[in-house]
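Just below is one structure, and these are the notes that go with it.
This structure is a prediction, so every number in the text was calculated from the model and none was measured. The sequence lines fix the lettering, A, B, ..., with proteins before strands; numbering per chain opens at 1.
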Protein chains: 2
Amino acid sequence: MGQNSTRRSSKQISGEDIVVETAWLYYHDSLNQSEIASRLSVSRATVVNYLQEARERGYIHTKLAPEAFNTHRAALELRDHFGLKAAYILPDGTGGSDDHASRIIRGAADWLPSLLEPGDRLGVAWGKTIYDVAERLEQTTIPDLVVLQLVGSMATPYGFSADVCSSNVARKFSAKCINLHVPAILSTAEIASTLRAESLISKQLDAIRHCNKTLFAVGSCNPDSHIASSGLATLQDLEDYIARGAVGVLCGRFIDAEGNPVSGPLDNRMMGIELHELRHRDMGILVSIGEERVPAAVAAIRGGYATHVVTNQSCAAAMMDHA
Amino acid sequence: MGQNSTRRSSKQISGEDIVVETAWLYYHDSLNQSEIASRLSVSRATVVNYLQEARERGYIHTKLAPEAFNTHRAALELRDHFGLKAAYILPDGTGGSDDHASRIIRGAADWLPSLLEPGDRLGVAWGKTIYDVAERLEQTTIPDLVVLQLVGSMATPYGFSADVCSSNVARKFSAKCINLHVPAILSTAEIASTLRAESLISKQLDAIRHCNKTLFAVGSCNPDSHIASSGLATLQDLEDYIARGAVGVLCGRFIDAEGNPVSGPLDNRMMGIELHELRHRDMGILVSIGEERVPAAVAAIRGGYATHVVTNQSCAAAMMDHA
DNA sequence: TGCATTATTTGACAAAAGTCATATGCCGTT
DNA sequence: AACGGCATATGACTTTTGTCAAATAATGCA
């Protein structure tokens, strides 16, 4: 404490170390350096030195309110850890999983408009998460935006199918929408291949290969996941893929822990973008809700499908741990 | 938390509120405003606004290390409360009263040189405190300083008498010293008055009336105080003065709680400056050690004898409470 | 839909803070 | 007393930050 330098000024208001007095006048009384200099009868440069010394001595502590910054900090950690371009981590909040989900959805919907630019071609995947995000989007016009449906449609008990997702997103942005007017899955590979050869379908499939940004969620490989409950895959299929190393589902396709495609019985029967076409776009926006999807989300990031991630604190922490 | 303004930039690194991100880059990553502005693709003026908002929202806390400032803060409080020009409060420290005393003495000795200017006429009182301060003074030359002995001399068992105090102070400052070559107290008022009429003495007494600064301590009215133990006053005298309202002793003179002189049997027998001559000098430096002297110190301040005070935290607090 | 109102952003300027080479003062040595 | 080395202080200059009125974008309302 009482540093005993010879530095003193007869103009001091207390006998205290002049460095302390300077710091006090500056930080507590918020005088500027010139005022302090003339009060203490020293040059302003000297005041600068005193303030520097006060900081070096650790008299001044500047702290950022943790509650305002810890989600931001978590986002930076996630970004750096996985080499993402950006991340948005929402606070966990106090409520249950519904609360968590809605926060993430709101976050994604808030963020999305600022991630899109005129002329973008946005590929949109399928799923309840994406559907909810689309619902939450504010009406915002983005000039020359094109929205593309990445996977075939599929009736579900939940009232959202791939075409509704893409259409809704397009509507909110007043964008043109290119839908994929085929079922997500067909009974045989032959029918699928025949369809793919159809001129109209072929053009649509071609179009989605040229999107520069994508918006998607991932599914887990749990038996109660949407991929199974929607009837897209049977439990048998699921086990089959899991046995081959699948940890998650992305646009109806299975990926392993590294994000590589896992081949299996459904592949040829599916209509929609293929995984290698989904990789390394300008921007891949992954919205992930729920800790059960963490392995799938990490795989999607590792695989190069996602550059931007929206999730919450607990999931982000789990992702960091998982890796 | 998640403030949901529409303000967003596509260049943000997280989906977080741009105000948070700005604050982070500024305070945590210590980028300057221009760097932040170009990173976020906004004008620098906008960055200024965001930072202002971050401060308004209470995201930024700047704290002054209490251990460095609480004595300073106490000094300012004491100064403001009593209308002093300045105060120097030393930390209490961990040791016992010896430790307290030596800190205060060191503090006073450190401070004193910066309070004096060339041409000053410094009146010095008598007492162990002042003696110790003089001992502690660093050798410093103050041009044209004159040191004056304010009260007559008095042999004590402690080895300090008024002439030694003033001589030592003068020596340390290479100053001219005007001593008062008479005893502090005489057996009768007549002898005292005869002495005062002596040409030499008269001149000396006259000289001390023209000092512009004074250095003194106060004594309590306890039976074990120096005023009694040195033999200057008998216990009988003491009780007499106390009965008339005395709370302390200043240059051998008794004062009441308001700092006004308390007249009594010793007054006419004493040689030295009178209280009304001591008041309202340019500067009156009171060095006060020990809680038992708090009432006396407060009285000395109230009476207008002191403009500057050196003491420690516990005494300063007691002085505030006392008032 | 068009217009008025309000919030936000911006560029140009002013003020404040930081830097650095030089100057001053201080202390120990010759 | 003169000298060199070290620490501190200063003035002139550069960079950074703050201010403010005007422009632009968002919002509400008839």
**Asked** Yes or no on side chain to side chain donor-acceptor pair (under 3.5 Å) for B:Tyr27 and B:Arg55, after CA distance, side-chain angles and deciding distance?
**Response** CA-CA 11 Å; B:Tyr27 289 102; B:Arg55 287 183 278 259; 2.6 Å; yes

**Asked** side chain to side chain contact (heavy atoms under 4.5 Å, CB included) with A:Asn32: which residues, sequence neighbours excluded?
**Response** A:Ser34, A:Glu35

**Request:** Give a yes-or-no answer on whether the side chains of A:Asn70 and A:Arg73 include a donor-acceptor pair shorter than 3.5 Å.
**Result:** no

**Message:** Counting only side-chain heavy atoms from C-beta out, which of D:dT17, C:dT19, C:dG18 sits nearest to B:Tyr26?
**Reply:** D:dT17

**Message:** What is the distance, to the nearest angstrom, from the CG atom on A:Leu51 to the C1' atom on C:dA17?
**Reply:** 10 Å

**Request:** Output the single nucleotide from C:dG18, D:dT19, C:dT19 whose closest atom is nearest the side chain of A:Ala45.
**Result:** C:dT19

**Check: A:Asn179 and A:Cys177 side chains under 4.5 Å, non-hydrogen atoms** = yes

**Item:** Residue-phosphate contact under 4.0 Å: B:Gln52 side-chain N/O, D:dT17 OP1/OP2
**Value:** no

**Message:** Distance alone, cut at 3.5 Å: any donor-acceptor contact between the side chains of B:Ser167 and B:Gln149?
**Reply:** no

**Prompt:** Counting distance only, does the side-chain N/O of A:Lys85 pair as donor-acceptor with the main-chain N or O of A:Asp282 below 3.5 Å?
**Reply:** yes

**Asked** In terms of side-chain geometry, is the basic nitrogen of A:Lys213 or A:Asp120 positioned less than 4.0 Å from the acidic oxygen of its partner?
**Response** yes

**Request:** Measure from CG on B:Leu40 to P on C:dT10 and round the result to the nearest Å.
**Result:** 11 Å

**Item:** Interatomic distance where CG belongs to A:Asn49 and C1' belongs to C:dT22 [whole Å]
**Value:** 14 Å

**Request:** Give a yes/no on whether any side-chain N or O of B:Thr46 is located under 4.0 angstrom from OP1 or OP2 of C:dT10.
**Result:** yes

**Asked** Under 4.0 Å: is that the gap between some side-chain N or O of B:Tyr50 and OP1 or OP2 of C:dT9?
**Response** yes

**Message:** Expressed as a whole number of angstroms, how long is the span from B:Gln33:CD to C:dG18:C1'?
**Reply:** 14 Å

**Fill in**
One would report the end-axis bend of the helix from C:dT1-D:dA30 to C:dT30-D:dA1, five pairs per end and rounded to 10 degrees, as 20°

**Request:** State, without any angle test, whether A:Thr22 and A:Gln33 hold a side-chain donor-acceptor pair at a distance under 3.5 Å.
**Result:** no

**A:Glu56 CD to D:dA7 P, straight-line distance once rounded to whole Å** = 14 Å

**Asked** Closer than 4.0 Å, any side-chain N/O of A:Ser43 to the OP1 or OP2 of D:dA9?
**Response** no

**Residues forming a salt bridge (charged side-chain N to carboxylate O under 4.0 Å, His left out) with A:Arg103, sequence neighbours excluded** = A:Asp99

**Message:** Among residues at least two apart in sequence or on other chains, which ones pass salt bridge (charged side-chain N to carboxylate O under 4.0 Å, His left out) with B:Asp163?
**Reply:** none

**Request:** Indicate the ring-plane relationship of B:Trp24 and A:Phe69, choosing parallel, tilted or perpendicular according to the 30° and 60° boundaries.
**Result:** tilted

Give me, pair by pair, the N or O atoms of the protein and of nucleotides 13-15 of chain D that are less than 3.5 Å apart, along with how far apart they are.
none

**Request:** With a 4.0 Å heavy-atom cut-off, tell me which residues in residues 134-144 of chain A come close to DNA chain C, sorted by residue number.
**Result:** none

